[in-house]
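Here is the structure we will look at.
Letters go in sequence order (proteins before strands), and every chain restarts at 1.
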Protein chains: 2
Amino acid sequence: MLERRRTRLIAAADAPLRAAISDAAPVPRMPDDGDELRFCSTCAFGSVCVPHGVDKAALGELHCLVEHVGPYRSGQRIFHAGDRFGAIYAVRGGTVKTSLTDDEGREQVLGFHLPGEMIGLNAIHPAKYPCDAIALDTAYVCRFSFPALATLAMRFPGVQQQLFRLLSADIGKAALLAGDHSADERLAAFLVGLADRYAARGFSHTALRLSMARSDIANYLRLAAETVSRVLRRFQDQRLIAVEGRDVVLTDAAALRHLARNIVHG
Amino acid sequence: MLERRRTRLIAAADAPLRAAISDAAPVPRMPDDGDELRFCSTCAFGSVCVPHGVDKAALGELHCLVEHVGPYRSGQRIFHAGDRFGAIYAVRGGTVKTSLTDDEGREQVLGFHLPGEMIGLNAIHPAKYPCDAIALDTAYVCRFSFPALATLAMRFPGVQQQLFRLLSADIGKAALLAGDHSADERLAAFLVGLADRYAARGFSHTALRLSMARSDIANYLRLAAETVSRVLRRFQDQRLIAVEGRDVVLTDAAALRHLARNIVHG
DNA sequence: GCGCCCGGTTGACCGAGATCAAGGCGCGGC
DNA sequence: GCCGCGCCTTGATCTCGGTCAACCGGGCGC
């Protein structure tokens, strides 16, 4: 359903992703039991349940409270800025961008979210979503009612811990944007950060497909789209990467990492 | 007890602050009972206990687990980047900056923290402090053992909620740095943000004393110190502010707010 | 007192990246 | 097929803010 054939070169870097999606598609709401492994393999709460081996009971209850929603088509909103906060979401398949639009109508991209990553954590405090969440391709998400989750966390220390960790991790994420770094550093950090996040989910460490437009990347990195184009071109000339449309291969990841060395996270 | 008398102009804008400090000074460790109101008036956890009226019992337990530490002299570190994470801190008096130093030895200021604000929340996930916390003047802090706090949160929903809110709030804080805003916008947002935070703590809405050096402000806003100087001078020429050393009066807060309108938070 | 040092200010110049403008290319619709 | 519209790229020019340099003034040690 998603883009049919992926070209050679990167080949099907997102094949496992599509597999996950096709798995998810026929499961519109309640997860069936005996599905734990698959459920946890991509989910941000997987680490509550599987790796730590504790709170097996919590897993069952999470299953009951999670709601699978989607598909969202490219461009569709999962939630709107200003909506009353009621749930946090985990991306299950596809890519989601979060952004906000200021008075003058200028968009400000806050982040891109891959399968397994949480969105909506920054809505707890203001009690309403402070940004839009928009699907960049066909996307599926898991909805966790926050009151229910908080109640669950009261009973399972592992769940509470994981929530604290997820929240804490997000605080540091803005570091990429925060520092005053050159366009080269930003782009290098963006690419290796994305590659690392894909790699952590079982995809290739060096080949990736950008699901967002150049203008979104530029906006996210606080650069002009033209600058993104030029830097990518230069990286290619320097044999750091191979670019073909939205497919990128990191041919010299070490050099990219060196460029990005002063930017924590991705 | 906060701000006794508010002085003319800026004069000693931090006089009430100092008063708070001298109150705190003779209380080196365990808070004495019957101290609730004072404890809560500046503390970030005040809102757990007092305003919501619930979890009165939690207040007592918080009292037992909090540890008053200080004074720290200007320049002293409260915690170091890399230290194992064990506690979060609330500023009780004075001002604290958080910053990290990259491989090349360049400092990167992450934020300034006034009395009542929490620091160390971003250390939960990595399980070690990702930055230094340095006193900018004579500073006092409250130390909350995080394991103890998490345990307390398991029993008191209000405490858990407040922790979630504090963490969530911090996620959005980087917005000032994040956007690509002009030097004017950044400085205006910084000034009104600081004024609002002081105001929320009972200080003047329009007069404030900058406890940090120009170079720290510049670093925090990702500008050169010279640029901060020049913009402040221009703001003064435009009658937006009156500057005298580290004392600033916002003479046209409306105009400053308008300049900063596209920057959320401060 | 004197000199030093640090923080702050001001001016002159420079450069990274934004902006403006033009053109190419791929894809969906007709 | 052909057209039209986004997305992307490339080139020319402009500009905001950084960098370098000089100077000022206050606090502190001697």
For [X], check side-chain contact (heavy atoms from CB on, under 4.5 Å) against everything at least two apart and list the hits.
| X | result |
| --- | --- |
| A:Thr227 | A:Ala183, A:Leu223, A:Ala224, A:Val231 |
| B:Ala199 | B:His205 |
| A:Ser182 | A:Asp184, A:Glu185 |

Excluding sequence neighbours, so at least two apart, what forms side chain to side chain donor-acceptor pair (under 3.5 Å) with [X]?
| X | value |
| --- | --- |
| B:Asp102 | B:Arg106 |
| B:Asp196 | B:Arg257 |
| A:Asn262 | B:Glu104 |

Could you list all the salt bridge (charged side-chain N to carboxylate O under 4.0 Å, His left out) pairs where at least one residue sits in residues 214-223 of chain B, not counting sequence neighbours?
-> B:Lys97-B:Asp216

Taking C-beta and beyond as the side chain, do B:Leu194 and B:Leu210 meet within less than 4.5 Å on heavy atoms?
-> yes

What heavy-atom pair brings B:Val192 and B:Ala260 nearest, and what distance separates the two atoms?
-> CG2-CB, 4.3 Å

Interatomic distance where [atom1] belongs to [X] and [atom2] belongs to [N] [whole Å]:
| X | N | atom1 | atom2 | answer |
| --- | --- | --- | --- | --- |
| B:Leu232 | C:dT9 | CG | C1' | 11 Å |
| A:Leu221 | C:dA16 | CG | P | 19 Å |
| A:Glu244 | D:dT9 | CD | C1' | 15 Å |
| B:Met212 | C:dG7 | CE | P | 15 Å |

Filtered N/O pairs between nucleotides 17-24 of chain D and protein, under 3.5 Å:
{"residue": "D:dG17", "atom": "OP1", "partner": "B:Ala183", "partner atom": "N", "Å": "2.7"}
{"residue": "D:dG18", "atom": "OP1", "partner": "B:Arg222", "partner atom": "O", "Å": "3.4"}
{"residue": "D:dG18", "atom": "OP1", "partner": "B:Ala224", "partner atom": "N", "Å": "3.3"}
{"residue": "D:dG18", "atom": "OP2", "partner": "B:Ala224", "partner atom": "N", "Å": "3.0"}
{"residue": "D:dG18", "atom": "OP2", "partner": "B:Thr227", "partner atom": "OG1", "Å": "2.4"}
{"residue": "D:dT19", "atom": "O4", "partner": "B:Arg230", "partner atom": "NH2", "Å": "2.9"}
{"residue": "D:dC20", "atom": "N4", "partner": "B:Glu226", "partner atom": "OE2", "Å": "3.0"}

Please determine if a side-chain N or O atom of B:Arg246 lies less than 4.0 Å away from the OP1 or OP2 oxygen of C:dG8.
-> yes

Once you build an axis from the first five pairs and another from the last five of the helix from C:dG1-D:dC30 to C:dC30-D:dG1, how far apart in angle are they, to 10 degrees?
-> 30°

For nucleotides 24-26 of chain C, print each protein N/O atom paired with a nucleotide N/O atom at under 3.5 Å, atom names and distance only.
none

Mind checking ring pair (Phe, Tyr, Trp, His ring centres under 6.0 Å) for B:Phe235 and listing every partner two or more places apart, or none if nothing turns up?
-> none

Ring pair (Phe, Tyr, Trp, His ring centres under 6.0 Å) partners for A:Tyr89, two or more places apart | A:Phe79

